[in-house]
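Each chain gets a letter, A, B and so on, in the order the sequences are listed, and its residues count up from 1. Keep in mind that this is a model prediction, so the values were computed, not measured.
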Amino acid sequence: MSGHDSKYFSTTKKGEIPELKEELNSQYKDKRKDAVKKVIAAMTVGKDVSSLFTDVVNCMQTENLELKKLVYLYLINYAKSQPDLAILAVNTFVKDSQDPNPLIRALAVRTMGCIRVDKITEYLCDPLQRCLKDDDPYVRKTAAICVAKLYDINAELVEDRGFLESLKDLISDNNPMVVANAVAALAEIQENSSRPIFEITSHTLSKLLTALNECTEWGQVFILDALSRYKAADAREAENIVERVTPRLQHANCAVVLSAVKMILQQMELITSTDVVRNLCKKMAPPLVTLLSAEPEIQYVALRNINLIVQRRPTILAHEIKVFFCKYNDPIYVKMEKLEIMIKLASDRNIDQVLLEFKEYATEVDVDFVRKAVRAIGRCAIKLERAAERCISVLLELIKIKVNYVVQEAIIVIKDIFRRYPNTYESIIATLCESLDTLDEPEAKASMIWIIGEYAERIDNADELLESFLESFPEEPAQVQLQLLTATVKLFLKKPTEGPQQMIQVVLNNATVETDNPDLRDRAYIYWRLLSTDPEAAKDVVLAEKPVISDDSNQLDPSLLDELLANIATLSSVYHKPPEAFVTRVKTATPRTDDDDYPNGSDPGYSDAPSQVVDGGASPQTSSSSPYTATRQQAPPPAAPAPAAPVPDLLGDLIGLDNSAIVPVDEPADSSAPSLPILLPASTGQGLQISAQLTRQDGQIFYSMLFENNSQIPLDGFMIQFNKNTFGLAAAGPLQVPQLQAGTSARTLLPMVLFQNMSAGPPSSILQVAVKNNQQPVWYFNDKIFLHVLFTEDGRMERGSFLETWRSLPDSNEVPKDLPGIVINNAEATLDQLAASNMFFIAKRKNANQDVFYFSAKIPRGVPFLIELTTVIGNPGVKCAIKTPNPDIASLFFEALESLLKA
Amino acid sequence: MISQFFVLSQRGDNIVFRDYRGEVQKGSAEIFFRKVKFWKEDGEEEAPPVFNVDGVNYFHVKVVGLLFVATTRVNVSPSLVLELLQRIARVIKDYLGVLNEDSLRKNFVLVYELLDEVVDFGYVQTTSTEVLKSYVFNEPIVVDAARLQPLSPASIFMQGTKRMPGTAVTKSVVANEPGGRKREEIFVDIIEKISVTFSSSGYILTSEIDGTIQMKSYLTGNPEIRLALNEDLSIGKGGRSIYDYRSSTGSGPVILDDCNFHESVRLDSFDMDRTLSLVPPDGEFPVMNYRMTQEFKPPFRINTLIEEAGPLKAEVIIKISAEFSSSITANTIVVEMPVPKYTTRVSFALDPGAVGQRTDFKEPNKKLEWGLKKIVGGSEHTLRAKLTFSQESHGNITKEVGPVNMTFTIPMYNASKLQVKYLQIAKKSSTYNPYRWVRYVTQANSYVARI
């Protein structure tokens with residue numbers, strides 16, 4: 001061939017299209033080929049050459065593969081816009097699919113699958129059927145992928161023509177390429193179908209594990225990823241699988257290594273022998289570290305995954321902290337991830353080394369990295385009590401360099417350190433005050449003001465310091481204003497002298513009359529009222545001892561961590577979000593709680609400050625400063641790192657509506673208690689079985705639980721934690737379960753409160769529960785919230801108000817539902833039964849042979865449900881229609897109703 | 001599984017664009033480029049290699065100044081996609097000999113043909129140049145490699161990525177030489193990237209070698225090859241005790257922390273005599289990657305002295321000592337040191353009679369830069385710089401400068417002492433004697449001295 005392809009890009013003076021047309025119809029092969037190349041060149045730069053369709057397709061009948069491929073490339077691009085003309089190509093395609101040359105056969109099927117035109121698809125079926133059974137592996141592997149293409153265009157056709165079975169047969173093919181593609185195609189089809197199509201049995205498992213050894217690297221990834229869905233039956237099988245997969249850790253392809261790691265981690269959960277687990281951890285460490293020698297892009301993926309892995313199995317890399325030290329030429333995204341992991345791996349043993357690194361990073365050039373390094377020092381101080389002092393001295397050294405942003409960042413973390421270790425390090429306040437003038441960032445300013453207010457009695461000139469800020473009060477950001485307000489009140493309560501008194505008047509005036517910010521105004525009014533009615537009470541509230549904050553460096557919610565670990569080596573593990581949160585490909589899936597459930601995990605970035613609870617606009621930035629935090633009961637002992645506290649309801653907390661007002665009831669085990677559904681079977685819980693259900697008794701919601709210890713050891717120290725859920729259900733007090741001897745059981749009624757940790761997003765009845773004890777790992781299980789548990793005793797409505805409410809609600813708030821499987825045999829009994837669940841009967845009428853019943857019910861916060869049930873007594877099928885101001889939760893209502901009527 | 005693949009130039013021009021599934025909108029390349037160019041999220045100014053915009057996941061790697069990008073809508077294995085992007089770049093380079101915007105544009109038909117065989121419906125089929133040869137029919141139009149860069153000694157090893165540095169063999173694996181016949185030759189490169197961090201007192205805080213044995217074969221008939229490595233090579237930190245007794249001599253055994261191999265490598269006798277056997281596929285590929293944290297002698301010592309010389313002045317002295325044999329010469333050395341932000345002026349003084357050296361004060365990012373064309377083993381070089389400040393330092397000036405960072409390339413030197421003892425080509429005929437090139441090179445990865 002002569003010349004360069006780029007000449008095809010050059011334009012001609014004469015009309016380009018007519019000239020190309022002429023060349024395409026030339027009698028010389030070479031000229032035609034050149035012309036097609038020119039057409040493709042025009043196409044790739046975005047010119048419309050679709051008018052040449054017929055002329056290009058005419059060149060299709062050729063033995064020259066190079067030319068054929070070019071024509072096919074063109075066809076794929078334009079067939080969609082010229083469906084009628086595309087039919088012209090069908091004959092050639094079908095003929096090609098029976099060509100003696102396997103490359104041409106495969107090419108024909110491959111290309112037809114890419115043309116999403118119905119008429120072409122029809123003609124694809126027969127050739128595809130043949131090619132799936134072709135003698136040549138290249139044709140078979142191309143056909144396997146083609147089934148996935150066809151499924152994407154027309155799923156029914158694939159099922160009708162039995163292509164799924166042919167595809168499954170290919171799993172046993174003797175060519176590993178074919179096996180790999182069949183696995184990939186089946187996995188994709190399964191992903192898009194709600195029916196079980198590609199189930200991995202122990203038989204397929206062993207076949208695929210064998211194929212694994214012969215596959216190309218990419219095929220290995222397909223197979224490993226498909227197999228990771230397999231749940232081994234027992235520890236023995238898990239060990240066997242792991243043994244077959246471990247050699248993949250030595251692969252040069254990072255994707256193979258990570259997929260193997262995923263598989264091993266998953267099977268490890270089942271392996272009981274600690275020796276085997278320890279050994280596996282040892283084997284995984286070097287390959288994981290080696291990933292950090294790859295290109296920075298891959299390093300980033302590896303680091304995001306390692307971040308998850310060390311949260312579950314910190315021992316794997318406990319001794320490898322040095323490999324996470326930042327390199328001079330690491331891209332910033334790699335450095336940031338390394339810092340995060342260094343904090344997670346920091347321990348009393350290596351903290352000196354780690355601090356030395358952080359200190360070095362804190363003097364580097366990149367501002368964001370420097371800030372992160374300073375925060376990292378603070379987080380280590382909070383995490384490691386014995387190292388706190390060393391961390392603080394490093395921070396002080398950094399402050400002395402007087403680089404503005406370093407100082408500000410240091411003050412923010414020192415405030416957190418004060419909250420973690422109250423009354424320990426206040427001697428450094430003097431040093432901090434020296435930097436007061438240089439602070440210009442809101443968060444740093446707010447932190448410094450908080451420190452001054454909190455320790456006003458120890459700072460001689462606290463009033464002067466605060467006063468210097470007051471002048472600019474109206475111009476300060478809300479965050480700083482809130483802190484100034486609280487700090488001034490604290491100062492006044494601690495030093496009720498003339499100066500502070502004047503200051504407080506200025507501040508209260510500024511924060512009530514002069515501001516538009518409702519948060520600020522509300523807080524100021526409450527202080528004002530407190531101070532004017534009962535200064536002693538004000539002291540109790542404002543100066544109350546604050547709960548000690550804890551380390552958040554293991555910041556992921558346990559259930560999210562579980563989900564992410566199951567998704568190691570996928571995008572999910574890079575974003576630290578569950579797949580549903582970002583996968584947008586349309587597919588039928590059950591609605592799930594979205595990522596808002598995971599306030600800490602949903603952010604792929606770096607949220608650090610341990611005391612930062614709220615991050616929205618005008619809300620108080622740090623809970624530490626809120627005077628009401630003290631009155632709020634501390635969260636129950638978490639089964640795992642506590643999730644961020646909810647935005648406190650200011651008034652509710654002050655008037656005593658907080659959950660501390662609810663006295664935990666320790667109900668004795670009720671022998672007549674109904675049997676509870678098993679949520680954690682003993683087989684999963686290493687012998688511990690948990691059955692539980694939400695119940696309502698005397699207007700209170702309880703979590704009725706039964707613990708059965710079938711293990712060989714006594715279990716104690718039970719704790720419980722609920723994940724965020726639609727109704728904000730949370731434990732009102734600690735879980736009261738005595739030590740459980742082996743073979744014994746215990747029942748308990750855990751009082752629950754509502755609206756504590758609400759999740760955003762579409763309503764869901766899922767309640768995720770974590771239970772831990774001192775002997776076993778944390779157990780997670782899902783329960784269902786049946787809405788009727790929430791129905792309040794005051795849900796009865798008068799006829800009049802029922803009718804009025806029904807009319808006042810727009811029709812769009814009416815949701816109908818058929819419950820076909822339900823039979824009501826005895827109206828009386830059903831009414832009683834529903835009334836027992838606070839679903840109150842209002843009226844009944846006859847409509848032909850049907851009975852129509854009306855009910856009312858109410859859930860907390862006064863959301864009413866108006867219910868209409870239509871049925872023929874004794875015959876299956878109940879029609880239900882409800883009206884409610886909150887139709888979003890209608891589906892939950894029907895779930896509950898169905899379960900009530902079935903009972 | 002990927003949806004689209006495209007290559008963008010540094011200016012954001014679409015050089016190659018292939019849509020495999022038609023489920024991501026056409027404008028994705030522009031969306032991607034705008035996002036990357038104006039990235040500012042989480043306080044970072046460089047886009048991470050994986051991110052999501054409006055439900056589309058974008059992956060990218062940078063190869064010789066080009067952006068190789070893939071998109072998808074599903075929860076795929078990100079390492080698979082990133083690795084694939086690197087491999088596509090390598091396959092194209094194998095075919096074209098040279099990978100750049102010009103060669104891609106000149107060979108677009110071939111590139112599309114390759115892309116169709118490499119990926120089908122978003123699924124990787126093969127990235128082996130060897131396998132692809134049976135399915136790909138276009139011939140490369142070789143761009144003039146000589147025009148690309150002057151043939152300085154350094155260009156025998158072009159700067160490449162960390163794991164797969166590009167060799168300067170700018171010869172297509174498929175194209176014939178002008179003479180019509182291919183020259184029988186095989187290149188084996190032992191490429192090591194070393195990272196060392198010295199403490200302010202000169203101790204080695206961390207040291208690491210990332211090594212690759214890279215092979216590029218132009219042998220016809222794909223004969224089997226045996227590579228023998230150091231016999232006392234051991235792998236895994238646990239192995240140390242077994243081999244310790246051998247280290248009576250100064251050299252000592254080579255202990256790798258970890259290593260992995262290309263899939264074509266057979267390790268049958270590796271445990272016994274440390275030989276690898278393989279039938280090298282066409283194209284460039286890493287035979288073995290390894291990592292070592294065992295202590296080694298760093299090739300350069302860096303001594304830095306900084307002293308205040310009056311209220312608004314300071315003097316910096318950087319001394320580089322090359323601690324390797326005088327028969328070896330390092331090249332393209334650059335030493336950098338950040339200086340206080342309030343530095344306004346710098347005057348430099350070099351050793352008397354210094355040649356091939358340059359100095360520069362990078363005003364915008366407040367950095368000293370000292371470039372040396374070459375350093376002969378055993379020699380010492382010193383740079384003196386007088387700094388002038390616009391304000392007084394905050395007290396301890398050493399906290400506001402540094403660290404010193406150094407980059408270099410040292411041909412025919414390897415820090416790990418890992419060696420290819422012999423390279424055997426199995427071929428019956430006694431007259432068959434292809435060219436065998438075994439080359440060593442060491443490059444600085446992160447070579448840092450704190451102050």
Side-chain angles (χ1 to χ4, degrees), chain A residues 1 4-6 37 40-41 44 65-66 69 73 103 110 145 148-149 184 216-218 221 225 250-255 258-259 286-287 289-290 293-295 297-298 300-301 322 325 327-329 331-333 336 360 363 365 368 400-402 569-572 574 579 582-585 605-606, chain B residues 1 17 23 42-46 48-50 52 55 57 61 73-80 82-83 86 105-109 112-113 120-121 123-124 126 135 137-139 141 161-163 195 206 210 236 257-258 260-263 286 289 291 338 365 394-395 399-400 405 445-446 448 450:
Chain A
M1 189 169 38
H4 293 162
D5 279 9
S6 59
K37 280 193 182 178
I40 302 279
T44 55
L65 260 167
E66 198 187 334
K69 281 186 169 183
L73 194 62
L103 292 189
R110 188 172 83 195
I145 290 289
K149 292 179 187 171
T216 68
E217 46 196 330
W218 311 106
V221 179
D225 286 351
Q250 291 300 311
H251 207 286
N253 186 322
C254 298
L258 262 181
S259 289
V289 173
T290 299
S293 309
E295 294 80 11
E297 292 90 358
I298 299 223
Y300 172 76
V301 171
K322 266 187 162 187
F325 288 0
K327 296 205 167 106
Y328 187 81
N329 50 347
I332 183 73
Y333 56 78
M336 292 293 204
E360 204 58 46
T363 58
V365 194
D368 296 317
K400 281 180 191 142
I401 305 177
K402 287 197 164 39
T570 70
L571 275 172
S572 197
V574 173
F582 61 89
V583 173
T584 51
R585 226 157 70 121
Y606 320 96
Chain B
M1 182 258 285
F17 187 99
E23 56 191 10
D42 310 324
E44 293 176 29
E45 288 183 28
E46 191 175 351
V50 185
N52 181 304
N57 303 296
V61 301
R73 283 189 174 274
V74 293
N75 192 21
V76 295
S77 162
S79 39
L80 178 134
L82 293 169
E83 185 93 53
Q86 297 281 2
R105 284 199 194 280
K106 283 198 165 76
N107 286 286
F108 78 95
V109 176
Y112 279 106
E113 191 182 7
D120 187 10
F121 201 46
Y123 292 99
V124 197
T126 180
Y135 310 124
F137 300 95
N138 275 287
E139 290 207 1
I141 300 143
T161 52
K162 269 189 175 174
R163 177 72 81 76
S195 294
T206 58
D210 286 324
D257 288 40
D258 187 35
N260 56 44
F261 303 93
H262 187 263
E263 54 188 358
N289 295 306
R291 183 167 56 79
N365 39 17
H394 297 302
K399 290 224 161 60
E400 295 175 66
N405 170 53
N445 185 4
S446 167
V448 171
R450 292 179 175 165

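- Between the side chain of B:Glu263 and the main chain of A:Glu217, a donor-acceptor pair closer than 3.5 Å is present.
- Residues B:Arg291 and A:Val289 have side chains in contact (heavy-atom distance under 4.5 Å, counting atoms from C-beta outward).
- Heavy-atom distances place both the backbone and the side chain of B:Val124 under 4.5 Å from chain A.
- The greatest number of non-hydrogen atom pairs below 4.5 Å with chain B, out of A:Leu65, A:Ile40, A:Thr216, is found for A:Leu65.
- Listed here is the closest heavy atom pair of B:Glu83 and A:Ala252: OE1-O, 4.4 Å.
- The two atoms that bring B:Ser77 and A:Asp225 nearest to each other are CB-OD2, 4.1 Å, heavy atoms only.
- Here the closest non-hydrogen pair linking B:Ser446 and A:Asn329 is CB-OD1, 3.4 Å.
- Across all non-hydrogen atoms, the minimal contact from B:Leu82 to A:Glu297 is CD1-O, 3.5 Å.
- How far CG of B:Asp210 is from NZ of A:Lys327: 5.5 Å, rounded to the nearest 0.5 Å.
- Both the backbone and the side chain of A:Lys149 come within less than 4.5 Å of a heavy atom of chain B.
- Summarising the geometry, atom CE belonging to A:Met336 is positioned 11.5 Å from atom CD belonging to B:Glu46; distances are rounded to the nearest 0.5 Å.
- For B:Gln86 against A:Glu295, the heavy-atom pair with the smallest separation is NE2-CG, 3.1 Å.
- Residues A:Arg110 and B:Asp120 are in side-chain contact: their nearest non-hydrogen atoms beyond the backbone lie under 4.5 Å apart.
- The greatest number of non-hydrogen atom pairs below 4.5 Å with chain A, out of B:Val448, B:Asn57, B:Thr126, is found for B:Asn57.
- Shortest non-hydrogen contact noted between B:Pro78 and A:Leu571 is CD-N, 3.6 Å.
- Using a 4.5 Å heavy-atom cutoff, the side chains of A:Val365 and B:Asn365 are not in contact.
- The distance from the CG atom of B:Asn260 to the CG atom of A:Asn253 is 9.5 Å, given to the nearest 0.5 Å.
- Here the side chain of B:Asn75 pairs a donor or acceptor atom with the backbone of A:Ser572 at under 3.5 angstrom.
- Looking at A:Leu73, the atoms closer than 4.5 Å to chain B (heavy atoms on both sides) all sit in the side chain, from C-beta outward.
- Considering CG of B:Asn52 and CZ of A:Phe582, their distance stands at 7.5 Å, rounded to 0.5 Å.
- How far CG of B:Asn289 is from OG1 of A:Thr290: 8.5 Å, rounded to the nearest 0.5 Å.
- Proximity to chain A involves both the backbone and the side chain of B:Tyr135, based on heavy atoms less than 4.5 angstrom apart.
- For the side chain to side chain contact (heavy atoms under 4.5 Å, CB included) with B:Ser79, the lone residue among A:Leu258, A:Thr570, A:Val221 that qualifies is A:Leu258.
- Of the atoms belonging to B:Pro338, it is side-chain heavy atoms, and not backbone ones, that fall under 4.5 Å from chain A.
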